[in-house]
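All remarks here apply to the structure that follows.
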Amino acid sequence: MDTKEYKTKELIGRFIPYYKNHKKTVAIDLFCAALTTICELVLPLIMRYITNEGIRDLAALSVKTILVLGAVYLVLRIIDSVANYYMAYVGHVMGAKIETAMRSDAYAHLQKLSNTYYNNTKVGQIMGRITNDLFDVTEFSHHCPEEFFIAAIKGTAGFVILAGINFWLTLIIFIIVPVMIAVCMKLNRKMKKAFAKQRFQIGELNARIEDSLLGHKVVKAFTNEDVENEKFAADNDTFFAIKKETYKYMGAFQTTTRSFDGLMYLAVVVAGGIFMVKGAILPGDLVAYMMYVTTFIATIRRIIEFAEQFQRGMTGIERFLQIMDADIEILDEPGAVELKAVQGNITFENVSFEYPDDHNEVFDNLNLSIKPGEKVAIVGPSGGGKTTLCNLIPRFYDINSGTIRIDGKNVKDLTLKSLRRNIGIVQQEVYLFSGTVYDNIVYGNLNATREQVIEAAKLAGADGFIQGLKDGYDTYIGERGVKLSGGQKQRISIARVFLKNPPILILDEATSALDNESEYEVAKSLEKLAKGRTTLTIAHRLSSIRNSDRILVLTQEGIVEEGTHDTLMEKKGMYYQFYTMADRLK
């Protein structure tokens, strides 16, 4: 998982474009923020006027004047309520829309990432980044411009008004502010790091829970519940320690702000009291001053407390960008064309390949030619590259050198969609989505009719058992098809490929994990599926490939033997040894 760190300026610069579709909302939201700020600033002026007039000449202060001032303030409070409702409702909706857009972008980008990325990234971490981490972005995207705009108005207007009342008292107050900001910024940086560690550990915790729950049968089978509890407890304790550290900085942060608050109030009480005794400030002015200082301190505190939310938002954006900046290693080359009217001829020309993450070399100058409609089986020891060879054809990985061609066209010159649309894959480890039987078969061709889905199931030998299920094709099969047997899941996956109807077929040990009865049923389905298609079969049970047109023996040295079953048996080489060993193990 990429742990690239970004500067705050870069994070904000990358985030701002998400406001593009919400300019009007942002403008109205800031206008409402200005209205609420004005309403807040008017009250001390009203109190100043009433206090000074009352002290100067109480008889001159009429009820009418007070009622007029009360009416003005009432109107301002109504305006404040309406503006605040807009900010609280529409502003938050805007934040949710931005969060939704970011999540969509992250999900779309994840769909484009190669197998290498997923081989090195825990699913729990990915899930955390596109769910929990983006929750904080809603609050951040709404409050960030709003809070800083309000702070700018209150800070500027407050300084002007306070300086107009008493410049020297204002100077004393504003000398304290930079010191307060400097200390708080230092604590802020520590908070940011703590939040980043906290987010990462949440992902680790998610990954641990997912891994344990998905493997719950293995856990129970080996009676390792205590081991899993210990692993979880260790991760959980680590999360607690990180959270404890975060709260330590939060506590220091809040204590610092409260201490500086007290210092400002102390300055107003002492210095303001002295100025009033000396006649440099009127009592009403001191009342107003104290109210403005309270407002000003509340604003500073609000901004500083918002810093926690700001850092959460920054952390969420940073982890979002770490997904968005993950390289798309396999993509359509410029000028890529559609693969059409496929015959099924496949050639490997001097192909060399090593895995990009560990640089483990698999092939060096591999050459292979497969004719249209030919049924080719691939056997060999584990680690020889059988599955890797098949994964290179649909470009699940890109080769380091050489060329792979389909019907004479370099696969790199073809669009990924058209290339993969013409290749069907049946794997040993079947993946079925949570949903119904019908949902999983129609996934092979989302435009297929229900009749076509049923026909595909019949061709795969799956219609019989499907009809026997509680709700037939509409039966819910559970997460990863947990309610079905291995053979049933495999036949549904074969039905899915039947519906796709690709001219090229890859069978990756599709029957090796099945019992004898299920293997027999699935083998019949696969035989039907392979008819008329170029087929590559990776075989564990060699008896299933005797009728292949050609058998390749693939090792780390490349293709060391090839021919029909009978030819290779007569040769008495490596294939002969594999086959006779399999016979002895029966």
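- The shortest side-chain heavy-atom distance between Ile370 and Arg550 falls under the 4.5 Å cut-off.
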Verdict with reasoning, Asn440 to Tyr473, per side-chain hydrogen bond (donor to acceptor under 3.5 Å, both in side chains) | CA-CA 10 Å; Asn440 276 277; Tyr473 284 83; over 6 Å; no
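- Remark: Asp549 CG to Thr535 OG1 distance equals 9.0 Å, nearest 0.5 Å.
- From Ile504, atom CD1 reaches atom CD1 of Ile346 across 4.0 Å, with rounding to the nearest 0.5 Å.
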Show your working on side chain to side chain contact (heavy atoms under 4.5 Å, CB included) between Leu368 and Val351 and close with a plain yes or no.
-> CA-CA 9 Å; Leu368 172 65; Val351 170; over 6 Å; no
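- Around the OH atom of Tyr19, the shell of radius 6.0 Å holds more than 12 heavy atoms that belong to other residues, nucleotides or ligands.
- Residues Pro381 and Thr555 are in side-chain contact: their nearest non-hydrogen atoms beyond the backbone lie under 4.5 Å apart.
- Aromatic rings of Phe15 and Phe140 (six-membered ring for Trp) have centroids within the 6.0 Å cut-off, being under it.
- Phe363 places a side-chain heavy atom less than 4.5 Å from the side chain of Leu554.
- With values rounded to the nearest 0.5 angstrom, Lys412 atom NZ is found 12.5 Å from Leu419 atom CG.
- In this structure a side-chain-to-backbone donor-acceptor pair under 3.5 Å is present from Asp407 to Gly344.
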Stepwise, does the side chain to side chain contact (heavy atoms under 4.5 Å, CB included) test hold for Ile12 with Cys144?
-> CA-CA 10 Å; Ile12 293 173; Cys144 187; 5.9 Å; no
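- With contacts defined as side-chain heavy-atom distances shorter than 4.5 Å, the pair Gln452/Leu499 qualifies.
- What you find for Asp439 and Val442 is that their closest heavy atoms are O-CG1, 3.4 Å.
- Under the 3.5 Å distance criterion, the side-chain polar atoms of Asn367 are matched with a main-chain donor or acceptor of Asn350.
- Under a cut-off of 6.0 angstrom, the local environment of OH in Tyr443 is sparse, with at most 12 non-hydrogen atoms contributed by other residues, nucleotides or ligands.
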Could you go step by step and tell me if Ile98 and Thr138 meet the side chain to side chain contact (heavy atoms under 4.5 Å, CB included) rule?
-> CA-CA 7 Å; Ile98 290 174; Thr138 293; over 6 Å; no
Working for side chain to side chain contact (heavy atoms under 4.5 Å, CB included), residues Leu389 and Leu366 | CA-CA 10 Å; Leu389 183 144; Leu366 177 75; 3.6 Å; yes
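- Between Ile454 and Tyr438, every side-chain heavy-atom pair lies at or beyond the 4.5 Å cut-off.
- Here the side chain of Glu561 pairs a donor or acceptor atom with the backbone of Met574 at under 3.5 angstrom.
- When side chains are defined from C-beta on, Phe348 does not count as touching Ile559, because their heavy atoms never get closer than 4.5 Å.
- Ser418 approaches Val337 most closely through the heavy-atom pair OG-O, 3.9 Å.
- Side chain of Ser352 to backbone of Asn365: a donor-acceptor contact under 3.5 angstrom is found.
- Here the shortest heavy-atom pairing between Ile323 and Ile130 reads CD1-CG2, 3.8 Å.
- Between Phe353 and Tyr397, the ring-plane angle classifies as tilted under the 30° and 60° cut-offs.
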Take Ser493 and Tyr431 through the test side-chain hydrogen bond (donor to acceptor under 3.5 Å, both in side chains) and record every step on the way to the result.
-> CA-CA 8 Å; Ser493 75; Tyr431 192 93; over 6 Å; no
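- Looking at Gln201, its side chain does come within 3.5 Å of a backbone N or O of Asp235 through a donor-acceptor pair.
- Residues Met324 and Asp105 come closest through the heavy atom pair SD-O, 3.6 Å.
- A distance-only check finds a donor-acceptor pair linking the side chain of Arg491 to the backbone of Gly461 [under 3.5 Å].
- In this structure a side-chain-to-backbone donor-acceptor pair under 3.5 Å is missing from Arg496 to Gly444.
- Surrounding CD of Glu333 are more than 12 heavy atoms belonging to other residues, nucleotides or ligands, all under 6.0 Å away.
- Leu113 and Ala326 get closest at one heavy-atom pair: CD2-O, 3.6 Å.
- Considering only heavy atoms from C-beta on, Leu505 stays 4.5 Å or farther from Lys500 through its side chain.
- Atom NZ of Lys340 and atom CG of Leu414 lie 12.0 Å apart (nearest 0.5 Å).
- What you find for Pro372 and Gln343 is that their closest heavy atoms are CB-O, 3.3 Å.
- To the nearest 0.5 Å, atom CD of residue Glu99 and atom CD of residue Glu139 are 9.5 Å apart.
- Remark: side-chain polar atoms of Asp327 are not paired, donor with acceptor, to backbone N or O of Glu329 under 3.5 angstrom.
- The aromatic rings of Phe320 and Tyr18 lie perpendicular to each other, with more than 60° between the two planes, well past the 30° mark.
- Taking CD1 of Ile126 as the reference point, atom CG of Leu110 lies at 5.5 Å (rounded to 0.5 Å).
- Panel note: side chain Lys375, backbone Asn547; no donor-acceptor pair is recorded below 3.5 Å.
- Proximity of Val426 to Gln490: side-chain heavy atoms (C-beta onward) are separated by under 4.5 Å at one or more points.
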